[in-house]
Amino acid sequence: VSQSRYVMLIILIGPPASGKSTWREKFLATQTDEWVVCSTDDLLDKWAAERGLTYDEAFSQAPWGQFNKTFKYAWRTAINDGKNVIIDRTSMSSKSRKDYLKNLPAGVEAEAVVFVVDDVELRRRLDDRAAKTGKSIPDFVIKSMNARYESPSKEEGFLKITYVRP
């Protein structure tokens with residue numbers, strides 16, 4: 001990593017349909033620097049499309065172990081190569097974020113972007129997304145994710161924490 005330039009690691013935090021990927025696309029449209037986006041959801045979408053499957057059909061068949069290896073290799077390689085990275089996953093607990101923040105090279109600054117959406121709006125978005133794309137996520141999965149949520153902290157290693165509300 002060059003001394004004259006720092007590298008950003010942005011970790012998006014929030015349940016499905018909270019706005020992470022939409023924020024990511026709007027953010028990237030404003031950037032002139034190169035960014036690497038790492039998302040297991042993107043890997044699943046691509047895998048499903050290659051096989052003519054819907055998201056829901058692909059979800060239960062997908063090679064998640066391979067996706068997770070690909071994901072981990074991609075973000076770690078990008079950071080080590082001095083590239084800015086966006087982690088687009090739910091990342092709801094400090095444990096799930098720990099791997100991203102430990103052993104970062106000097107000059108890498110980590111930012112958490114937390115998506116806060118109330119239950120009614122989240123359900124509306126999930127239903128809308130399911131109708132438009134076929135991506136459906138059961139209520140029990142959302143409840144389980146929300147139960148695991150831990151607010152990010154500077155003690156975890158974040159230089160900056162931003163909250164995004166609809």
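Only heavy atoms go into these numbers, but all of them, side chains included; no hydrogens, no water, no symmetry mates.
Within the structure, ring pair (Phe, Tyr, Trp, His ring centres under 6.0 Å) contacts touching residues 77-103 (residues at least two apart or in different chains) are W75-Y100. Pairs engaging residues 46-63 under the salt bridge (charged side-chain N to carboxylate O under 4.0 Å, His left out) rule: K46-E50 [sequence neighbours left out]. The salt bridge (charged side-chain N to carboxylate O under 4.0 Å, His left out) analysis of residues 144-154, with sequence neighbours excluded, yields no pairs.
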Do any side-chain atoms of residues 12-21 form donor-acceptor pairs under 3.5 angstrom with protein atoms, and if so which ones, sequence neighbours left out?
residue	atom	partner	partner atom	Å
S18	OG	P15	O	2.7
K20	NZ	G14	O	2.9
K20	NZ	P15	O	2.8
S21	OG	D88	OD2	2.7

Which donor-acceptor pairs under 3.5 Å do side chains of residues 158-166 form with protein atoms, sequence neighbours excluded?
residue	atom	partner	partner atom	Å
T162	OG1	E111	OE2	3.0

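Take D42 and apply the salt bridge (charged side-chain N to carboxylate O under 4.0 Å, His left out) test, not counting sequence neighbours, and it matches R24. Looking at residues two or more places apart in sequence or on another chain, you find no salt bridge (charged side-chain N to carboxylate O under 4.0 Å, His left out) involving K69. Residues satisfying the salt bridge (charged side-chain N to carboxylate O under 4.0 Å, His left out) test with K102, not counting sequence neighbours, are D99. In this view, D128 and K132 satisfy the salt bridge (charged side-chain N to carboxylate O under 4.0 Å, His left out) rule, not counting sequence neighbours. Under the rule for a side-chain contact (heavy atoms from CB on, under 4.5 Å), N103 has no partner lying at least two apart in sequence or in another chain. A search for side-chain contact (heavy atoms from CB on, under 4.5 Å) contacts involving A48 returns L53, A58, not counting sequence neighbours. Looking at residues two or more places apart in sequence or on another chain, you find a side-chain contact (heavy atoms from CB on, under 4.5 Å) between A62 and L44, W47, W64, F67.
Here the side chain of T70 pairs a donor or acceptor atom with the backbone of Q66 at under 3.5 angstrom.
Partner of D127 under the salt bridge (charged side-chain N to carboxylate O under 4.0 Å, His left out) criterion, out of R124, R123, R125: R123 alone.
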